[in-house]
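Remember, predicted model here, so these are calculated numbers, not experimental data. Reckoned from all heavy atoms, side chains included, excluding hydrogens, waters and symmetry mates.
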Amino acid sequence: MSTRVVVTGLGVVSPNGLGTEDFWAATRSGKSGIGRITRFDPSRYPARLAGEIPGFVAEEHLPNRLLPQTDRMTRLALVATDWALADAGMVPEDLPAFDMGVVTASHSGGFEFGQNELRKLWSLGSRHVSAYQSFAWFYAVNSGQISIRNGMKGPSGVVVSDQAGGLDAVAQARRQIRRGTALIVSGAVDASICPWGWVAQLAGDRLSTSEEPTRAYLPFDGEARGHVPGEGGAILILESEEAARARGARIHGEIAGYGATIDPPPGSGGEAGLRRALETALTDAGVRPEEVDVVFADAAAIPELDRTEADALNTVFGRGAVPVTAPKTMTGRLYSGAAPLDLAAAFLAMADGLIPPTVNTEPLPEYGLDLVGPQPRPAEVRTAVVLARGQGGFNSAVVVRAPR
């Protein structure tokens with residue numbers, strides 16, 4: 001029997017709550033973190049709304065020496081890791097360095113850091129560009145800085161598959177635990193709300209241009225017009241169930257199954273791969289469709305993609321047969337950080353016996369979904385599925401189970 005891999009620590013940084021408790025309290029009550037961008041003047045851009053994290057002051061959480069060498073996303077990731085380790089009751093110094101690793105995901109790297117250094121290059125000259133530009137923008141920088149800060153020298157890496165990356169990273173982490181690593185820090189945090197990052201996101205032609213926060217991000221709705229981006233995510237601490245129980249750790253839940261596929265080329269006529277990813281994850285977990293208590297949807301808010309997701313769910317579970325939720329309607333799509341945040345929400349839902357709401361959206365009956373919202377739904381949640389899709393055809397699904 002394969003080693004059971006469990007999550008013992010959660011660290012959350014979200015537009016509607018800084019820290020796990022604040023995030024969950026806001027999510028339960030349907031509080032949104034979406035609003036007009038404040039980190040730069042968005043008036044010249046067609047999309048002007050985002051899920052920004054308010055009240056985060058890096059100097060209150062990190063040593064001054066780290067600030068000149070880190071982008072905002074890395075600062076958030078380091079703090080989320082500190083919180084996750086504390087939640088797990090783990091002190092890195094107590095474990096051998098090569099028994100701990102870091103596997104995170106990234107969508108765009110440290111865009112804001114890179115933008116600031118390019119501005120210096122253009123306006124002041126090359127001698128004013130920070131030496132830290134050589135790595136602070138890079139996709140793998142969060143994994144690197146987390147490993148350095150915590151003395152983790154075991155298996156590490158980064159996954160780059162857009163929105164699906166957060167689940168792919170957790171799956172890679174599970175694989176390393178099964179190979180014998182004692183502890184893996186995983187998940188993802190993204191933050192790319194700056195002019196350079198914004199232009200890059202606009203190029204994907206999937207951003208909502210609505211200026212009304214409650215009508216901008218409407219997955220499965222007849223007025224769906226694209227998504228609202230956001231910053232943040234979640235960091236998870238993974239270890240074997242045997243080790244966690246041996247040290248008396250609180251277990252949030254198990255990473256029970258995983259599946260991933262790539263869509264066929266556009267125009268080829270092939271079937272989208274989301275259904276197969278979902279079925280693979282259920283098979284990997286040994287879970288029957290009727291045993292799933294809730295699905296955390298990818299919720300693209302693009303009519304064609306919403307239809308594909310609804311079709312996959314209806315094919316696997318039956319039309320309207322499983323509750324579906326999209327709490328990311330309160331945060332925006334956090335790119336690689338979105339699905340790890342959904343994993344955290346799934347574990348919190350298991351502990352509290354409720355399914356978090358989907359706000360603002362009125363699902364079209366033709367989708368045939370039992371979409372939860374705008375109020376949380378009391379329910380026993382023992383098994384949940386989290387779905388994520390990345391631009392370029394990435395599809396990932398993870399099945400999580402409540403502690404035994």
So, using side chain to side chain contact (heavy atoms under 4.5 Å, CB included) as the criterion, who are the partners of Ser143 when residues are at least two apart?
Val102, Thr104, Val158

Short N-O contact, Glu231 and Arg72, less than 4.0 angstrom
yes

Can you tell me which residue pairs pass the side chain to side chain donor-acceptor pair (under 3.5 Å) test with a partner in residues 90-100, sequence neighbours excluded?
none

Sequence neighbours left out, cut at 3.5 Å: what donor-acceptor pairs do the side chains of residues 375-387 make with other protein atoms?
from	atom 1	to	atom 2	distance (Å)
Arg377	NH1	Asp370	OD2	2.9
Arg377	NH2	Asp370	OD1	2.9
Arg382	NH2	Pro403	O	3.1

List the residues meeting side chain to side chain contact (heavy atoms under 4.5 Å, CB included) with Ser126, not counting sequence neighbours, and say none if there are none.
Leu121

Those residues that, when tested against Phe138, pass ring-ring contact (aromatic ring centres under 6.0 Å, His included) (two or more places apart)
none

Which residues pass the salt bridge (charged side-chain N to carboxylate O under 4.0 Å, His left out) test with Arg401, not counting sequence neighbours?
Glu254

Partners meeting ring-ring contact (aromatic ring centres under 6.0 Å, His included) with Trp137 (sequence neighbours left out)
none

Contacts of Phe317 that satisfy ring-ring contact (aromatic ring centres under 6.0 Å, His included) - sequence neighbours left out:
none

Let me have the donor-acceptor pairs involving side chains of residues 267-283, under 3.5 Å, with sequence neighbours excluded, atom names and distances please.
from	atom 1	to	atom 2	distance (Å)
Ser268	OG	Pro265	O	2.7
Ser268	OG	Gly270	N	3.4
Glu271	OE1	Arg275	NH2	3.0
Glu271	OE2	Arg275	NE	2.7
Glu271	OE2	Arg275	NH2	3.2
Arg275	NH1	Glu279	OE1	2.7
Arg275	NH1	Glu279	OE2	3.1
Thr280	OG1	Arg276	O	2.7
Thr283	OG1	Glu279	O	3.0

Which pairs of donor and acceptor atoms, one on a side chain in residues 190-202, lie under 3.5 Å apart (sequence neighbours left out)?
from	atom 1	to	atom 2	distance (Å)
Asp190	OD2	His107	N	3.0
Asp190	OD2	Ser336	N	3.1
Asp190	OD2	Ser336	OG	2.5
Trp198	NE1	Ala47	O	2.8
Gln201	OE1	Tyr335	OH	2.8
Gln201	NE2	Ser192	O	3.0
Gln201	NE2	Gly197	O	3.3

Could you list the residues that satisfy side chain to side chain contact (heavy atoms under 4.5 Å, CB included) with Arg28, not counting sequence neighbours?
Trp24, Asp352, Leu354

The criterion is ring-ring contact (aromatic ring centres under 6.0 Å, His included); which residues satisfy it with Phe220, sequence neighbours excluded?
Tyr367

